[in-house]
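Presented below is the structure to which this report refers.
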Amino acid sequence: MDEDLRRDRLPGTADTTGMAHTAGTAGSAGTAHTASTADTAGIAHTAGTAGTAGSAGTAHTAGTAGSRSAAAPSPGGTPRAVGIVWALLGLNTLGSAGAKTVFAIPRSLIQMATMGALVAAFALALALNPRLRIRPSAFLFLLTLLLVPSVIASVQLEVGVGALFRCARLALFAGTLWLLSRWWDGGLTFVRYHIRMYFAVLVLVAAGLAVSPATAMPEYYGGRLVGALWPLTPPQIGQYAAVVIGLAVLLLLGRRTTGAGAAVVIVPSLVLLAMTHTRTATLGLLIGLVLAIGSLVLTSAAARRFFAWAVLCATVAAVVFSSALRAWFLRGQSQENFANLTGRAKVWDALLAAPRTTGEKVFGTGLGDKSFDGLPIDNSWLAVYDEQGLIGVTLVAAIVIVLGGVTLLRPPSLPRACAIFLIGYCGISSYTEVGLGDASAYLLHLALAASLLALPAPATPLPTHDIARRRIPLWARR
């Protein structure tokens with residue numbers, strides 16, 4: 001028996017050593033190896049003898065629980081197919097109305113492509129998230145509520161059957177974002193999707209400029225850059241370029257990309273932005289970057305250096321190139337035309353002065369083409385008021401306020417700075433652009449901001465099964 005006991009006390013035998021030196025017997029006087037021993041020699045032996053861990057794993061209760069939790073695999077990352085879904089949502093927001101293209105593309109075919117992209121995005125997102133696992137989001141909740149006044153006003157058919165079609169589009173857009181919210185964790189994955197998607201659009205614009213410069217810069221647009229291969233207006237191209245530049249600059253400041261990689265994206269985007277002569281996009285880019293970099297000044301030395309150099313360069317450029325900048329900003333317009341925002345103010349005054357019923361004031365007239373008496377409204381807030389009423393204006397304002405409020409509660413970080421840039425850009429652009437009340441690129445920008453402000457999901461621990469304690473003989477307890 002003594003020989004058996006000596007053999008049982010050797011560390012190589014898991015059946016007896018593992019049972020004798022458990023956390024439950026750590027307090028006995030005759031046991032020299034306490035619970036700490038189970039976390040050292042016992043765990044080391046278990047890891048070393050993985051092929052014969054049936055007995056050792058059963059014996060080490062406290063020790064193996066700690067080793068299992070440490071070796072548990074982390075939750076899977078974002079599937080690559082999610083980037084395809086995001087790109088399809090971006091394709092849907094490109095629209096079908098714009099300048100003339102090199103090859104005449106029927107508008108019905110473009111509408112089929114954009115709407116088909118949305119249906120494909122929803123189907124793919126559903127395939128990736130078949131169990132409908134979603135994350136709570138105030139942004140998506142308010143966006144879903146925006147469907148209520150849209151449907152109530154659209155069923156009246158004051159603007160035609162197309163209003164119901166636009167409601168279905170908005171519902172699919174919001175539903176796809178709900179399915180993607182499972183992977184919203186406050187990381188920069190969707191920022192990279194966003195940059196790649198819109199930079200691909202800018203590459204398409206540059207290709208059209210190379211193929212047919214006359215078509216890409218027509219006279220009826222005042223020589224401003226348009227889409228020659230896909231119908232895109234100068235404000236659209238300016239918006240995409242400004243968002244790509246802003247996000248790429250922030251990634252560079254956060255050292256999430258190299259200088260060469262950022263230059264490949266920023267330099268051509270700046271050239272295309274200048275060729276569009278889009279004042280709203282330029283102001284939105286500058287103000288958004290000031291707000292975003294200002295949020296990093298206290299915590300990032302790179303942000304402080306960039307901010308100082310940017311102020312210095314802007315001051316020098318304003319002094320040296322003042323006449324050229326003024327000419328670019330005015331775009332050859334008269335002071336009177338510039339003062340009334342290229343005729344927009346007249347449309348706004350007429351829209352506000354138009355008689356409306358109580359129902360139209362509260363719920364609007366239904367989702368339309370964002371025009372009034374055949375003229376573009378070019379103001380997100382007035383367009384929402386016209387189509388979705390005061391309820392729609394309240395919900396859109398709540399979306400912006402909630403996103404802005406959440407940014408104030410988050411600590412300074414690169415994702416927070418990117419969200420501030422996007423919210424600031426959309427806020428500036430909403431004065432002369434439309435899209436905050438319907439499926440558009442601006443709602444996609446705000447959805448990206450919401451994903452950046454989301455808190456990481458808590459890790460779900462793997463279930464641990466209770467291990468039955470084996471009975472220890474009396475002679476082994478001595």
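Just so we're clear, the structure is a prediction, and the values are computed from it rather than from any experiment.
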Side-chain donor-acceptor pair present, Glu360, Thr365, cut-off under 3.5 Å: no
From Leu89 atom CG to Leu177 atom CG, the distance as rounded to the nearest 0.5 Å: 6.0 Å
Flag, side chain of Arg169 to backbone of Met115, donor-acceptor distance under 3.5 Å: no
Over 12 foreign heavy atoms within 6.0 Å of OH, Tyr431: no
Exceeds 12 heavy-atom contacts within 6.0 angstrom, atom CZ of Arg256: no
Closest approach of Ala241 to Ser269 (non-hydrogen atoms, all atoms of both residues): CB-O, 3.6 Å
Shortest non-hydrogen contact between Ser137 and Trp178, atoms and distance: O-CH2, 4.0 Å
Under 3.5 Å donor-acceptor, Trp328 side chain and Ala274 backbone: yes
Residue pair Thr432 / Thr280, side-chain donor-acceptor N/O under 3.5 Å: yes
Side-chain donor/acceptor of Arg135 to backbone N/O of Leu455, under 3.5 Å: yes
Rounded distance [0.5 Å steps], CG in Leu443 versus CG in Leu170: 7.5 Å
Heavy-atom closest pair, residues Ala153 and Gly364: CB-O, 3.4 Å
Under 3.5 Å donor-acceptor, Ser429 side chain and Cys426 backbone: no
For Phe190 against Ser451, the heavy-atom pair lying closest together: CB-OG, 4.1 Å
Minimum heavy-atom distance between Val290 and Phe307, given as atom pair plus value: CG1-CE1, 4.4 Å
Minimum heavy-atom distance Ile377-Trp348, with the two atoms named: O-NE1, 2.5 Å
Chi angles and distances behind the side-chain hydrogen bond (donor to acceptor under 3.5 Å, both in side chains) call for Ser371, Asp369: CA-CA 6 Å; Ser371 65; Asp369 58 357; 2.6 Å; yes
Parallel, tilted or perpendicular: ring planes of His194 versus His445, cut at 30 and 60 degrees: perpendicular
Check: Trp184 main-chain N/O paired with Ser181 side-chain donor or acceptor under 3.5 Å: no
Straight-line distance of Ile84 CD1 to Leu91 CG, nearest 0.5 Å: 13.0 Å
